[in-house]
Enquirer: 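Got a structure here, written out as structure tokens. Questions coming.
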Amino acid sequence: QVQLVESGGGLVQPGGSLRLSCAASGLPFNVRFVGWFRQAPGKEREFVSTIRWSGGNIYYADSVKGRFTSTRDSAKKTVYLQMNSLRPEDTAVYYCAASLGGILSQREFPSAYNYWGQGTQVTVSS
């Protein structure tokens, strides 16, 4: 049974930093991507970043490039999202997700992900 548990959210001032963690258990051998999405109130869930599990390639949304960094600890099956230079528009619930057999061209679409965590709130406000 796949479980994804996010942690590390909170309230931070603009320009500040947070690090989110996603502890994954039960990942099957055919997991293709483990990534991050976010959803702000009244908006659709949007892609943030994802890691191609077998090769380690990392992909980012244009809105977070240069500010966010995703890494993984394969031994711990944990994925991290280091968020720097946070802006009020980064405020959202952040979700970790895992895709089984997803193809590269679909990596930014929530529909390509099979498992989701419960989400962690990130609020950027002064």
Side-chain angles (χ1 to χ4, degrees):
Q1 182 178 352
V2 177
Q3 282 194 315
L4 304 170
V5 180
E6 304 98 332
S7 61
L11 173 64
V12 64
Q13 292 187 341
S17 299
L18 280 176
R19 189 176 84 152
L20 306 184
S21 299
C22 171
S25 60
L27 286 179
F29 72 97
N30 62 331
V31 60
R32 189 65 58 87
F33 299 100
V34 178
W36 293 94
F37 288 77
R38 66 186 182 185
Q39 188 166 18
K43 294 190 176 181
E44 292 188 354
R45 193 165 296 189
E46 66 171 359
F47 170 75
V48 176
S49 74
T50 197
I51 294 177
R52 192 169 185 175
W53 203 249
S54 62
N57 306 71
I58 305 172
Y59 306 90
Y60 297 96
D62 288 343
S63 58
V64 306
K65 277 181 185 174
R67 301 189 299 122
F68 290 12
T69 302
S70 187
T71 58
R72 68 172 177 179
D73 183 328
S74 297
K76 294 182 180 179
K77 287 189 168 54
T78 300
V79 176
Y80 303 96
L81 184 67
Q82 177 66 44
M83 305 186 295
N84 299 328
S85 302
L86 282 161
R87 304 167 181 169
E89 54 264 38
D90 294 317
T91 296
V93 177
Y94 283 70
Y95 296 92
C96 179
S99 173
L100 310 182
I103 60 177
L104 189 60
S105 62
Q106 298 292 315
R107 66 186 183 273
E108 299 185 8
F109 293 92
S111 58
Y113 291 76
N114 307 90
Y115 298 96
W116 293 84
Q118 82 287 351
T120 186
Q121 176 71 46
V122 171
T123 302
V124 185
S125 175
S126 54

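Keep in mind that this is a model prediction, so the values were computed, not measured. Numbers here are sequence positions counted from 1.
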Enquirer: For Thr120, check side-chain contact (heavy atoms from CB on, under 4.5 Å) against everything at least two apart and list the hits.
Expert: Glu6, Leu20, Tyr94
Enquirer: Please report the closest heavy-atom contact between Leu81 and Ser49, naming both atoms and the distance.
Expert: CD1-OG, 3.7 Å
Enquirer: Which ILVMFWY residues are connected to Val5, directly or by a chain of links, through side-chain heavy atoms under 4.5 Å apart?
Expert: none
Enquirer: Taking side chain to side chain donor-acceptor pair (under 3.5 Å) as the definition, give me every residue that meets it alongside Thr123, ordered by chain and number, with sequence neighbours left out.
Expert: Gln121
Enquirer: Between CZ of Phe47 and CH2 of Trp36, what distance do you get to the nearest 0.5 Å?
Expert: 13.0 Å
Enquirer: In Å, rounded to the nearest 0.5 Å, how long is the span from NZ of Lys77 to SG of Cys22?
Expert: 12.5 Å
Enquirer: Cluster question for you: counting only ILVMFWY and a side-chain heavy-atom cut-off of under 4.5 Å, with indirect links fine, are Leu27 and Phe33 together?
Expert: no
Enquirer: Quick one: list whatever passes side-chain contact (heavy atoms from CB on, under 4.5 Å) with Arg72, sequence neighbours left out.
Expert: Ile51, Trp53, Ser74, Val79
Enquirer: Which atom pair, heavy atoms only, marks the closest approach of Pro110 to Trp116?
Expert: O-CZ2, 3.5 Å
Enquirer: Could you pull out all residues at least two apart from Tyr59 that satisfy ring-ring contact (aromatic ring centres under 6.0 Å, His included)?
Expert: none
Enquirer: Does some side-chain heavy atom of Met83 sit less than 4.5 Å from a side-chain heavy atom of Val64?
Expert: no
Enquirer: When rounded to the nearest 0.5 angstrom, what is the spacing between CD in Gln3 and OG in Ser25?
Expert: 4.5 Å
Enquirer: Applying side-chain contact (heavy atoms from CB on, under 4.5 Å), can you list everything that pairs with Ala40, at least two apart in sequence or on another chain?
Expert: Lys43, Ala92
Enquirer: Can you tell me how far the CG atom of Asp73 sits from the OG1 atom of Thr78, to the nearest 0.5 Å?
Expert: 6.0 Å
Enquirer: If two hydrophobic side chains count as joined below 4.5 Å and joins carry through other members, does Val124 share a cluster with Leu11?
Expert: no
Enquirer: Which distance, rounded to the nearest 0.5 Å, do you find between the CG of Leu4 and the CD of Gln118?
Expert: 9.0 Å
Enquirer: Could you list all the side-chain hydrogen bond (donor to acceptor under 3.5 Å, both in side chains) pairs where at least one residue sits in residues 80-93, not counting sequence neighbours?
Expert: Ser17-Asn84, Arg38-Asp90, Arg67-Asp90, Gln82-Asn84
Enquirer: Does anything in residues 101-111 form a side-chain hydrogen bond (donor to acceptor under 3.5 Å, both in side chains)? List the pairs, not counting sequence neighbours.
Expert: none
Enquirer: Who else is in the cluster with Phe29 when I, L, V, M, F, W and Y are joined by side-chain contacts under 4.5 Å?
Expert: none
Enquirer: Search all heavy atoms of Leu18 against all heavy atoms of Val122 and return the closest pair with its distance.
Expert: CD1-CG1, 3.9 Å
Enquirer: Applying side chain to side chain donor-acceptor pair (under 3.5 Å), can you list everything that pairs with Tyr113, at least two apart in sequence or on another chain?
Expert: Thr50
Enquirer: Quick check: do Val48 and Tyr95 have side-chain heavy atoms less than 4.5 Å from each other?
Expert: no
Enquirer: Gln39: which residues meet the side chain to side chain donor-acceptor pair (under 3.5 Å) condition with it, sequence neighbours left out?
Expert: Arg45
Enquirer: Excluding sequence neighbours, so at least two apart, what forms side-chain contact (heavy atoms from CB on, under 4.5 Å) with Ser126?
Expert: Pro14
